[in-house]
Each structure stands twice: as structure tokens, then as C-alpha cells.
Amino acid sequence: MWKEYYHASGMYDFDYSLRRLDMDPLIRTNFKERWVDVPVRLDDNDKVVVRVNSEGTTEKPVFTVMSDHDEDQDIIFENIRNIFQWDKDLNDVHQFFQGTELAMLFHRYQGTPIVRDFDLYGSLMKAIIHQQLNMKFAYTLSTRFVQKYGEEVDGSWFYPTPEKVAELEYDDLREMQFSQRKAEYVIDTSRKIANGELDLKQIAKQPNEEVLKTLGKVRGIGPWTVQNWLLFALGRDDLFPAADIGIQNALKKMWNLDEKPAKKDIEKKAEGWSPYRSYAALTLWRSIED
DNA sequence: AACCAGGGAAGAT
DNA sequence: ATCTTCCATGGT
């Protein structure tokens, strides 16, 4: 068992990230003791569960990372630091939005970090499964999917491998109330990843525009899904999912509109929030979460 | 019961 | 290229 500390240099709302992580029934959190268990898949395919804890929240919290997997401590810690983006200076982000029309929201919701999904492939599957569904049913589906085809280690769930999903039939997912389309999108995409036609690790090195092109060509993956993946799987700073219904509703509320704003107006406005559009999106989502 | 949900493909201009 | 319709399924 090892334990490593990390002192945040500025603000970081860990309690908020816990709440977000807790939305996913597959993720094990504890609010009283302020921790979350993170499933980490190592290169040798070892599956390790890492406990991430925080003392304090928002104002210079101190994080601890613990695991009883005694090898690979440095790799595991780097992984966790990357997932939680602890080295990102959120004070800079906060400063940037002062003087914009989001200043009030950024004041109310300080130190909102991007917390990356735990698995590149799982993140993509989750985005496809969640397309166009209300959150409750969306999580019902992704949870069924992982609990049937993934693997549980010490109470935490690992997404299945693309190789495993590639072997399924569409009817296997239809039984779990996937629509025919969704079953096709999930399995066909997994097959492309399993046979090497799509290399997510390679794609992860490309700039946003290129990722939009390469992933956007895949049937079942549109702009919303790629943007989601760029934001939540890769943790990129400057994505704004204008197609997202939550974003549209948040802007409708902020601007006191009767109808949801047009996508073009949204994109135009969001240009002014570059290079931190992802943080604008997160803070807007936060403004309609209760 | 009608409309919505943290979209996307296929068809029609 | 852009607009419209259909796809599916549960939630409110």
C-alpha cells in the first residue's frame, strides 16, 4: 500500500467533481470521507483500483492518491494527476472570464475542473450510448452494458474491451433495451477499434479539427459525440458542444429567452470564450444542475 | 397524452 | 451545402 500527496496550487472544487462522478452509478464515491475510486488499466492490462481523496475543497485542497498495487506507483500517480488535471491553473481560467458575460457564473461556480473519463474507449461508448437520451435512462443503459460485459474489481467497474464488444451480436444489446441503431453504432465502432481501423490512442494525439474529421466519419459518431470525447476523454480546454441540449437550455436561461437559441448564435458567442470554451461549457452545465 | 431527452443518419431541396 | 424527417426508447 502506498500513498502520495498533491497540493493544489489554486482553487479546485473537488466536491463538485465528486458530485459529477457520482452521477455515474458505475463509479464508487464517498462524500463523507470525500473520496472516489478510480479504475486504472495499466499497459500490461493489469486492472488497479486507486482511491483519490481530498482534504478541503475549492480553496487549495490537498489530494491523496492510494493504492495497494505496489508496482507502477509513478505511472499510476501520473495517470490520476492527468485525469483530475491537477496541474491546470484554474485561477487563470477564472481570470479570463472576468469581463465576459459569464463572469457571474464563474464567480458563483469557482474552480470547476475538467475531470477526464477513466478510459478512452469507454468514454466513446458512453457518449454513443447517451446520445439523445434523458440522463436517467442513459445511465441505466450504460450501466447495464458495463455490468454485463465489463469487469468488476474491488467494487469498481472497468469498461469492457473493444475486442469483447466486437464479438457481440446486435440482439445482445437489443435485449438490454438498446435501439437497433444504438446497438449498431456501439458494436460497429468497437469492431473498427478492435481490428485496428480506428486507433484511439493515435487519434488522441491529433488536434481537435483532425479528430472531428477522422472520428466524425464513423457511422454513429457526429459532432456532439466527438466534442464530448475531446472534452471528457482527452480533457481538451477549448470545446463547446453547441448541439448539446443542456448547453442550449443553460443559455436560454441565462439570456431569458422563450426558445432555445440557434446553434449558429451559440457558436458565434462561444468564439469569445476561446481558448477556454470547455470551461464555459462546464460552468453553463453546472448552472442548470440542481 | 404529448413532448422531451446532454443526437445522428438518411432523404429532400 | 442546408433543411426536414425518421429512428427508438424511457421519462415527465
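Every chain is numbered from 1 and lettered A, B, ... according to where its sequence line falls, protein lines coming before strand lines. Only heavy atoms go into these numbers, but all of them, side chains included; no hydrogens, no water, no symmetry mates.
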Counted 5' to 3', the first and last nucleotides of DNA chain B within 4.0 Å (strictly under) of a heavy-atom of chain A are B:dA5 to B:dA10
The remaining residues in the hydrophobic cluster of A:Trp224, counting side-chain heavy-atom contacts under 4.5 Å among Ile, Leu, Val, Met, Phe, Trp and Tyr, are none
Taken in chain and number order and not counting sequence neighbours, the residues that satisfy side-chain contact (heavy atoms from CB on, under 4.5 Å) with A:Ser17 are A:Tyr12, A:Phe14, A:Pro113, A:Val115
>> Work out how far the C1' atom of C:dA8 is from that of B:dC3, and round it to whole angstrom.
In response: 15 Å
Just call it for A:Lys260: base, sugar-phosphate, or nothing, with non-hydrogen atoms closer than 4.0 Å on any strand.
sugar-phosphate
So salt bridge (charged side-chain N to carboxylate O under 4.0 Å, His left out) across residues 130-155 of chain A, not counting sequence neighbours, yields A:Lys47-A:Glu151
Donor-acceptor contacts, no H, no angles, side chain residues 257-274 of chain A, under 3.5 Å, sequence neighbours left out:
residue, atom, partner, partner atom, Å
A:Lys269, NZ, A:Glu101, OE2, 3.1
A:Ser274, OG, A:Asp238, OD2, 2.7

* Just checking A:Glu289: base, sugar-phosphate only, or nothing, at a heavy-atom cut-off of under 4.0 Å? -> base
Sorted by chain and number, sequence neighbours left out, ring pair (Phe, Tyr, Trp, His ring centres under 6.0 Å) with A:Phe118 holds for none
Can you check the distance between C:dC6 and B:dG6, where both ends of the measurement are the P atom (answer in whole Å)? 24 Å
Cluster membership besides A:Met1, Ile/Leu/Val/Met/Phe/Trp/Tyr side chains within less than 4.5 angstrom, sorted by chain and number, is A:Met66
task = Quick one: label A:Met23 by what it contacts on the DNA or RNA (base, sugar-phosphate, nothing), any heavy atom closer than 4.0 Å.
result = base
Separation of C:dT9 atom P from A:Tyr185 atom OH, nearest Å, is 13 Å
Show me, pair by pair, the donor-acceptor contacts under 3.5 angstrom made by side chains of residues 191-203 of chain A, not counting sequence neighbours?
residue, atom, partner, partner atom, Å
A:Arg191, NE, A:Ala166, O, 2.9
A:Arg191, NH2, A:Leu168, O, 2.9
A:Asn195, OD1, A:Glu197, N, 2.9
A:Asn195, ND2, A:Arg191, O, 3.4
A:Asp199, OD1, A:Lys201, N, 3.2
A:Asp199, OD1, A:Gln202, N, 3.2

C:dC7 to B:dC4 separation - C1' atoms, rounded to the nearest Å:
15 Å
5'-most contact on DNA chain B (nearest-nucleotide basis), A:Val218 vs A:Leu282, goes to A:Leu282
Closest non-hydrogen contact found for A:Pro25 with A:Thr143 is CG-OG1, 3.6 Å
Numerically ordered, the residues 222-255 of chain A set in heavy-atom contact under 4.0 Å with DNA chain C is none
Per-nt protein contacts along nucleotides 2-8 of chain C (heavy atom under 4.0 Å; B base, S backbone sugar-phosphate only, - none) come out as -----BS
Review point. Under 4.0 angstrom, heavy atoms only, what part of the nucleic acid is A:Ile221 near: base, sugar-phosphate, or nothing?
Key: sugar-phosphate
Under 4.0 Å, counting only non-hydrogen atoms across every strand here, what does A:Arg20 touch: a base, just sugar-phosphate, or nothing?
base
Students should find that the hydrophobic cluster of A:Ile288, defined by side-chain heavy atoms under 4.5 Å apart, otherwise consists of none
Quick note, salt bridge (charged side-chain N to carboxylate O under 4.0 Å, His left out) partners involving residues 6-32 of chain A, not counting sequence neighbours, are A:Asp13-A:Arg286, A:Asp15-A:Arg34, A:Arg20-A:Glu289, A:Asp24-A:Lys126, A:Arg28-A:Asp37
Charged N to carboxylate O below 4.0 Å: is that the case for A:Glu184 and A:Arg181? no
